[in-house]
Amino acid sequence: MSDVVEAARAWLAQDPDPETRDELTDLLTAADAGDASALSELENRFGARLAFGTAGLRGELGAGSNRMNRVLVAQAAAGLAAYLAANAAEGHTPRVVVGYDGRRNSDVFARDSAEIFAGAGLDAVLLPRLLPTPVLAFAVRHLDADAGVMVTASHNPPNDNGYKVYLGGADDGSQIVPPADGEIAAEISRIATEVSASEIPRSLGYRTASEEVVEAYVSATAAVGPAPAGAEGLRWVYTAMHGVGGETLGRIVAAAGYPEPVQVAAQAEPDGRFPTVAFPNPEEPGAMDLAFQTAREADAELIIANDPDADRLAVAVPDADAEGGWRRLTGNQIGLLLGWRAARKTAEAGASGTLACSLVSSPGLQTVAEHYGLGFTATLTGFKWISRAPELIFGFEEALGYLVNPETVRDKDGISAAVAALELASEARGAGKSLQDLLDEFDRTFGFFASDQISVRVQDLSIIGTIMTSLRADPPARIGDVKVKAVEDLSQGSETLPASDVLRYTLKGGSRVIVRPSGTEPKLKAYLDVRGDSATDAAERIAALSDGVRALLDARS
């Protein structure tokens with residue numbers, strides 16, 4: 001325990017933040033007095049280091065190497081700067097653009113980063129104000145930057161923040177993947193070992209980007225789906241979920257010709273406390289309750305929601321059979337409709353291309369691709385992989401992430417996806433139909449697909465490892481009443497996929513189950529997909545499979 005106390009004192013000596021200094025001082029004082037809980041807390045904060053990987057950094061705010069704070073961000077910025085300098089062509093000064101959302105300390109971490117990038121001799125550009133993550137992803141390409149950093153924890157709990165890294169050049173503005181993540185992590189580790197955060201060079205010589213960057217994003221995104229005739233008079237509700245999407249989306253839908261939405265007033269302004277939701281993620285139960293209430297009051301036809309950094313999209317439709325009269329569409333349902341839209345437009349243009357989705361998303365997208373003679377790629381989870389699919393025209397993952405305009409943004413973008421969804425809904429409306437009618441038409445055209453997801457949230461992360469180890473050591477012969485035909489362990493990779501902690505089960509009758517740890521939350525996730533002979537048959541199959549998977553995971557935990 002003396003090691004973590006020593007590490008905490010060393011951390012305190014380099015911490016520029018009065019809040020975390022006071023927090024750590026109180027912990028050390030209590031630990032010195034023999035307080036066991038304080039000692040345990042120091043072990044939790046300093047017994048490990050928040051890992052830098054393909055998701056960058058993400059974690060709880062607070063003092064310590066296992067928390068998000070100004071020391072950790074300074075080390076990350078200096079490490080990224082060293083990586084860019086080491087990989088720059090001779091005579092080239094790398095350019096880095098930095099964005100931030102409305103979470104606590106996002107603006108502080110962004111300015112710290114810009115100062116450190118400038119202090120390292122890089123051309124550092126700070127976006128003009130808090131903005132959605134897709135604007136930063138756009139800016140990397142628009143400004144011909146070598147890298148981009150977005151300070152956000154997306155839809156994580158209120159006390160989290162994060163540090164997402166993009167690369168320009170040959171990476172075309174996509175998020176980092178191996179080996180770049182490991183090389184950046186090695187530089188960060190070197191900086192943390194060799195240099196005090198207080199000694200990392202800084203400069204105020206960074207530039208602040210003009211509003212032209214935002215205007216260019218607005219123009220490009222409005223062009224994704226100009227309003228058709230059916231948009232006139234459309235009554236729709238929008239919520240930014242206390243995030244940063246509202247102002248940018250409002251400008252875009254106006255430019256595209258859509259009616260102004262009815263805002264969920266209590267969630268319209270950025271607020272990192274997220275006071276009206278238990279968990280600021282549109283997928284979570286209760287997160288869209290205020291949107292449903294607003295829609296009922298406005299007699300709306302459609303609900304559009306973004307998560308707090310606006311890189312995800314949720315859509316809800318009226319449903320007389322649903323509690324409260326509204327139902328959120330699943331990520332797979334939206335993804336299949338948007339994929340169908342992309343395929344149809346591509347075919348109408350006589351062009352070619354690829355539809356892509358994560359391996360845990362609905363296999364229905366492959367059926368769409370085959371129907372239109374397009375390519376199809378299944379990737380590991382995450383848009384760092386989806387965005388790299390060859391000749392990409394559309395990509396999605398079931399966790400409400402959609403990439404609809406790869407020519408401008410190589411990442412999931414909840415705002416451009418919202419425009420595409422508004423176009424779909426408006427076209428259907430003009431023909432006297434609804435989004436539900438489109439879903440029914442999809443089923444009749446491509447087959448009756450049904451999906452489900454089961455999440456096991458844990459306090460002790462070792463439980464996830466225990467379950468995965470058990471499943472590998474003793475693969476199930478049956479899941480529920482259905483025989484397992486094949487088991488794929490992707491921990492060593494495959495011919496088409498890099499190594500990943502994923503197990504994939506193919507079941508008799510064509511159903512499948514995929515199990516993997518979450519990359520951003522303390523969860524084990526199971527993804528279930530079936531194809532039925534009818535909507536009723538598919539619903540019955542997925543319900544039975546869900547019961548079988550729950551029983552399997554309970555038995556192995």
State whether a side-chain donor-acceptor pair under 3.5 Å links [X] with [Y].
X    : Y    : answer
N332 : S451 : yes
D440 : Q436 : yes
D311 : T133 : no
R104 : N159 : yes
Y402 : D413 : no
T152 : D101 : yes

[X] and [Y]: which non-hydrogen atoms are nearest, and at how many Å?
X    : Y    : value
L136 : G99  : CD2-N, 3.6 Å
I386 : G395 : CG2-CA, 3.8 Å
G331 : L400 : CA-CD2, 3.7 Å
I176 : G53  : CD1-O, 3.5 Å
P259 : W236 : O-NE1, 2.9 Å
F117 : A77  : CE2-O, 3.2 Å

Not counting sequence neighbours, which residues clear salt bridge (Lys or Arg N to Asp or Glu O under 4.0 Å) with [X]? List them please.
X    : answer
D144 : none
E370 : none
R512 : D529
R429 : E301

Do [X] and [Y] have side-chain heavy atoms sitting under 4.5 Å apart?
X    : Y    : result
V73  : M68  : yes
F292 : I303 : yes
V165 : Y163 : yes
K164 : V149 : no
Q267 : T239 : yes
V244 : L131 : no
L122 : I116 : no
T354 : L374 : no

Can you list everything that forms a ring pair (Phe, Tyr, Trp, His ring centres under 6.0 Å) with H92? Sequence neighbours excluded, please.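 Ring pair (Phe, Tyr, Trp, His ring centres under 6.0 Å) list for H92, sorted by chain: empty.
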Sequence-distant partners of F138, ring pair (Phe, Tyr, Trp, His ring centres under 6.0 Å), two or more places apart: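 Per chain and number, F138 pairs via ring pair (Phe, Tyr, Trp, His ring centres under 6.0 Å) with H142, Y217.
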Is a donor on one side and an acceptor on the other found under 3.5 Å between the side chain of D112 and the backbone of F109?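 Checked: no pair found.
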Return yes if some donor-acceptor pair links the side-chain N/O of N405 with the main-chain N/O of E407 below 3.5 Å, else return no.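 No: the side chain of N405 does not pair with the backbone of E407.
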Is there a salt bridge (charged side-chain N to carboxylate O under 4.0 Å, His left out) between D160 and R58 once you walk through the steps? CA-CA 7 Å; D160 284 8; R58 191 176 292 188; over 6 Å; no
Residues in side chain to side chain contact (heavy atoms under 4.5 Å, CB included) with T208, at least two apart?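 Partners of T208 under the side chain to side chain contact (heavy atoms under 4.5 Å, CB included) test: P128, Y206.
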With rounding to the nearest 0.5 angstrom, report the CG to CD distance, L127 to E211.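 If I round to the nearest 0.5 Å, the distance is 9.5 Å.
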Can you pull out every salt bridge (Lys or Arg N to Asp or Glu O under 4.0 Å) where at least one residue sits in residues 335-363? Sequence neighbours excluded, please.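 For residues 335-363, and leaving out neighbouring residues, the salt bridge (Lys or Arg N to Asp or Glu O under 4.0 Å) pairs sorted by first residue read R341-E423, K345-E423.
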Inter- and intrachain pairs under side-chain hydrogen bond (donor to acceptor under 3.5 Å, both in side chains), touching residues 241-258, at least two apart: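 For residues 241-258, and leaving out neighbouring residues, the side-chain hydrogen bond (donor to acceptor under 3.5 Å, both in side chains) pairs sorted by first residue read R129-E247, H242-T276.
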Give me each pair satisfying side-chain hydrogen bond (donor to acceptor under 3.5 Å, both in side chains) with a member in residues 391-400, each pair once, sequence neighbours excluded.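 Qualifying pairs: E398-Q453.
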Could you go through R327 and V317, starting from their C-alpha distance and side-chain angles, then the distance that decides it, and tell me whether this counts as side chain to side chain contact (heavy atoms under 4.5 Å, CB included)? CA-CA 6 Å; R327 171 172 55 86; V317 297; 3.9 Å; yes
State plainly whether the residues [X] and [Y] are in salt-bridge range, i.e. N to O under 4.0 Å.
X    : Y    : answer
R328 : E283 : no
D172 : R388 : no
D501 : R516 : no

Could you pull out all residues at least two apart from R312 that satisfy side-chain hydrogen bond (donor to acceptor under 3.5 Å, both in side chains)?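 Counting only residues at least two positions away or on another chain, R312 forms a side-chain hydrogen bond (donor to acceptor under 3.5 Å, both in side chains) with S154, H155.
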Could you please spell out the steps behind the side chain to side chain contact (heavy atoms under 4.5 Å, CB included) verdict for L313 and D307? CA-CA 7 Å; L313 167 76; D307 68 337; over 6 Å; no
Residue pairs passing the ring pair (Phe, Tyr, Trp, His ring centres under 6.0 Å) test where at least one lies in residues 415-455, sequence neighbours excluded: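 Those involving residues 415-455 are W340-F442, W340-F446, H371-F446, F442-F446.
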Atom NZ of K433 with >12 non-hydrogen neighbours under 6.0 angstrom: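 Check fails, neighbour count at 12 or below.
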